[in-house]
Amino acid sequence: MIDVQSLFDHRNIHVDKVGVKNIRYPLTVMDKKNGVQHTVASINMYVNLPREFKGTHMSRFVEILNEFYGHLDIREFSKILEAMQSRLNAQSAHLEISFPYFIEKFSPVTGTSGLMEYLCRVSGSLSGENNFDLVVEVNVPITTVCPCSREISKHGAHNQRGTARLAVRFKKFIWIEDLIRIVEEAASCEVYSLLKRPDEKFVTEKGYENPKFVEDVVRDVAYRLKKNPHILWFQVDVENFESIHNHSAYAFIERAL
């Protein structure tokens, strides 16, 4: 049968990324407390396409993924990228895996157990033989109380829920749980999946006593990361879904260390 993808393309234009998106697939993630955690990921796989070829072989991406079935986890990233390079005759390969990660959290007063969901993303690329890059990202729900509102109001202060996104490159492995913890400790108060009345009282008062702008949260996260000798680079941004404004508040920091 004719291999149409391998036919010559006369337009002489290199394609930076070509591949498959949004593959739903089982994933094993390292869990700090339980060893491993099984979840379901959304996976994107790409390679570069030289100017002389008409197309890439899409089925090979799924074939490679199936070869890692049962032991598809972050530790296999470089091996998957190497297989993509080899099987698709590519100079560069890219792999993006997004997944929900669950942590058991206990409410601060009554100790009631509940599962918190955090959306995570791991992206890796391999260029040439040895240029391997890996980025781990966590998205963390937080609560903030407005310092200005508390300062100028006779009673109370407005608060809001927000999302903090933290992405890092590292030279020594860092747990997803530790990244999440850094973010939660920078907020006015962390978010829980289940709270009883004594817990609600605690988180309300804790937030009030710990007011934060979005600027404060990103700075506090950056301050912690800059002191960590294993972090090579990071991005952190926070979006607050304002409770008294018809817009969000936003702040962003990126640093190479």
Side-chain angles (χ1 to χ4, degrees), residues 1-30 39-99 101 119-139 165-174 176 179 225 230-237 252-257:
M1 297 178 68
I2 298 175
D3 185 355
V4 177
Q5 287 92 335
S6 296
L7 294 179
F8 181 77
D9 191 274
H10 67 279
R11 285 162 290 191
N12 198 35
I13 298 175
H14 176 92
V15 179
D16 297 321
K17 289 182 180 180
V18 58
V20 294
K21 291 190 70 172
N22 298 322
I23 302 174
R24 300 288 288 173
Y25 211 82
L27 176 69
T28 301
V29 185
M30 287 178 284
T39 184
V40 176
S42 177
I43 300 177
N44 303 330
M45 305 172 74
Y46 316 113
V47 294
N48 74 302
L49 181 66
R51 57 175 56 91
E52 62 267 25
F53 295 117
K54 186 172 183 61
T56 194
H57 295 80
M58 298 292 183
S59 62
R60 294 180 186 176
F61 291 101
V62 181
E63 287 176 348
I64 292 168
L65 205 55
N66 288 338
E67 290 170 6
F68 286 87
Y69 176 70
H71 54 101
L72 177 63
D73 62 36
I74 295 174
R75 291 167 292 186
E76 303 291 340
F77 249 70
S78 61
K79 294 180 182 178
I80 299 172
L81 291 167
E82 288 170 4
M84 291 165 62
Q85 271 187 331
S86 174
R87 299 273 288 280
L88 291 148
N89 298 314
Q91 287 296 313
S92 64
H94 310 271
L95 177 63
E96 301 168 357
I97 298 181
S98 302
F99 57 93
Y101 188 77
L119 298 179
C120 302
R121 184 172 180 266
V122 182
S123 57
S125 63
L126 182 62
S127 300
E129 294 184 4
N130 300 312
N131 192 11
F132 175 61
D133 182 50
L134 186 70
V135 176
V136 175
E137 176 185 313
V138 295
N139 290 268
R165 181 186 62 88
L166 172 61
V168 299
R169 291 185 174 98
F170 48 85
K171 60 183 178 182
K172 184 179 179 181
F173 176 78
I174 186 166
I176 287 174
L179 294 175
L225 292 173
H230 304 305
I231 300 296
L232 298 173
W233 166 94
F234 68 86
Q235 279 185 350
V236 56
D237 67 4
F252 171 88
I253 293 175
E254 178 179 7
R255 296 287 186 275
L257 305 178

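Throughout, numbering of the chain's residues begins at 1 and tracks the sequence. FYI, side chains are in, hydrogens and waters are out, and symmetry mates aren't considered; it's all heavy atoms of this structure.
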Exercise for the section: Give me the one residue out of K17, E96, H94 that meets side-chain contact (heavy atoms from CB on, under 4.5 Å) with N44. Expected result: E96
Fill in the blank from the handout: For I174 and F170 the tightest heavy-atom approach is CG2-CD2, 3.8 Å
Fill in the blank from the handout: Interatomic distance, CG@N131 vs OG@S125, rounded to 0.5 Å, equals 7.0 Å
Practice task
Determine whether F99 and V122 make a side-chain contact, defined as any pair of heavy atoms from C-beta on separated by less than 4.5 Å.
Solution key: yes
Handout entry: Validation row: R75, F173 side chains within 4.5 angstrom (heavy atoms)
Key = no
Practice task
State, yes or no, whether a side-chain contact exists between F77 and L95 at a heavy-atom distance under 4.5 Å.
Solution key: yes
Exercise for the section: Let me see the working for D16 and H14 under side chain to side chain contact (heavy atoms under 4.5 Å, CB included), right down to the final yes or no. Expected result: CA-CA 6 Å; D16 297 321; H14 176 92; 3.5 Å; yes
Practice task
Measure the OH-CE distance between Y101 and M30 for me, rounded to the nearest 0.5 Å.
Solution key: 9.5 Å
Fill in the blank from the handout: Closest heavy-atom pair, F68 versus E76, reported as atoms and distance to 0.1 Å, is CE2-OE1, 3.7 Å
Exercise for the section: Show your reasoning for whether side chain to side chain contact (heavy atoms under 4.5 Å, CB included) applies to V168 and L179. Expected result: CA-CA 9 Å; V168 299; L179 294 175; 3.9 Å; yes
Practice task
Give the ring-plane orientation class for Y69 versus Y25, where under 30° counts as parallel, over 60° as perpendicular and anything between as tilted.
Solution key: perpendicular
Completion exercise
Interatomic distance, CD1@I64 vs NZ@K79, rounded to 0.5 Å, equals 15.0 Å
Exercise for the section: Determine, step by step, whether D133 and R169 satisfy the side chain to side chain contact (heavy atoms under 4.5 Å, CB included) criterion, reporting the C-alpha distance in whole Å, the side-chain angles of both residues, the deciding distance to 0.1 Å, and the verdict. Expected result: CA-CA 8 Å; D133 182 50; R169 291 185 174 98; 2.6 Å; yes
Practice task
Using a strict cut-off of less than 4.0 Å between a Lys/Arg side-chain nitrogen and an Asp/Glu carboxylate oxygen, indicate whether R87 and E67 qualify as a salt bridge.
Solution key: yes
Handout entry: Backbone of Q91 reached by a side-chain donor or acceptor of Q85 within 3.5 Å
Key = yes
Exercise for the section: Considering non-hydrogen atoms only, spot the tightest contact between N48 and S92 and give its length. Expected result: OD1-N, 2.9 Å
Problem - L225 and L166, any side-chain heavy atoms less than 4.5 Å apart - result: yes
Exercise for the section: Output all residues satisfying side-chain contact (heavy atoms from CB on, under 4.5 Å) with V20, sequence neighbours left out; order by chain, then residue number. Expected result: I23, M45, M58, F61
Exercise for the section: Under the side-chain hydrogen bond (donor to acceptor under 3.5 Å, both in side chains) rule, what do N139 and E137 come out as? Steps first, then yes or no, please. Expected result: CA-CA 7 Å; N139 290 268; E137 176 185 313; 3.3 Å; yes
Practice task
Taking all heavy atoms of G70 and all of T28, pick out the closest pair and write down the distance.
Solution key: O-OG1, 4.5 Å
Completion exercise
Scanning both residues in full, the closest heavy-atom pair of G124 with L134 reads CA-CD1, 4.2 Å
Problem - Qualifying residues under salt bridge (charged side-chain N to carboxylate O under 4.0 Å, His left out), relative to E82, sequence neighbours excluded - result: none
Practice task
Quick one: do M84 and Y46 satisfy side chain to side chain contact (heavy atoms under 4.5 Å, CB included)? Show the steps, please.
Solution key: CA-CA 8 Å; M84 291 165 62; Y46 316 113; 5.7 Å; no
Exercise for the section: Mind checking the CD1-OG1 spacing from I97 to T39? Nearest 0.5 Å is all I need. Expected result: 11.0 Å
Completion exercise
L257 meets the side-chain contact (heavy atoms from CB on, under 4.5 Å) criterion, sequence neighbours left out, with K226, I231, F234, R255
Problem - From I43 atom CD1 to L27 atom CG, the distance as rounded to the nearest 0.5 Å - result: 6.5 Å
Practice task
Nearest 0.5 Å please: distance from the CZ atom of R60 over to the CG atom of L88.
Solution key: 6.0 Å
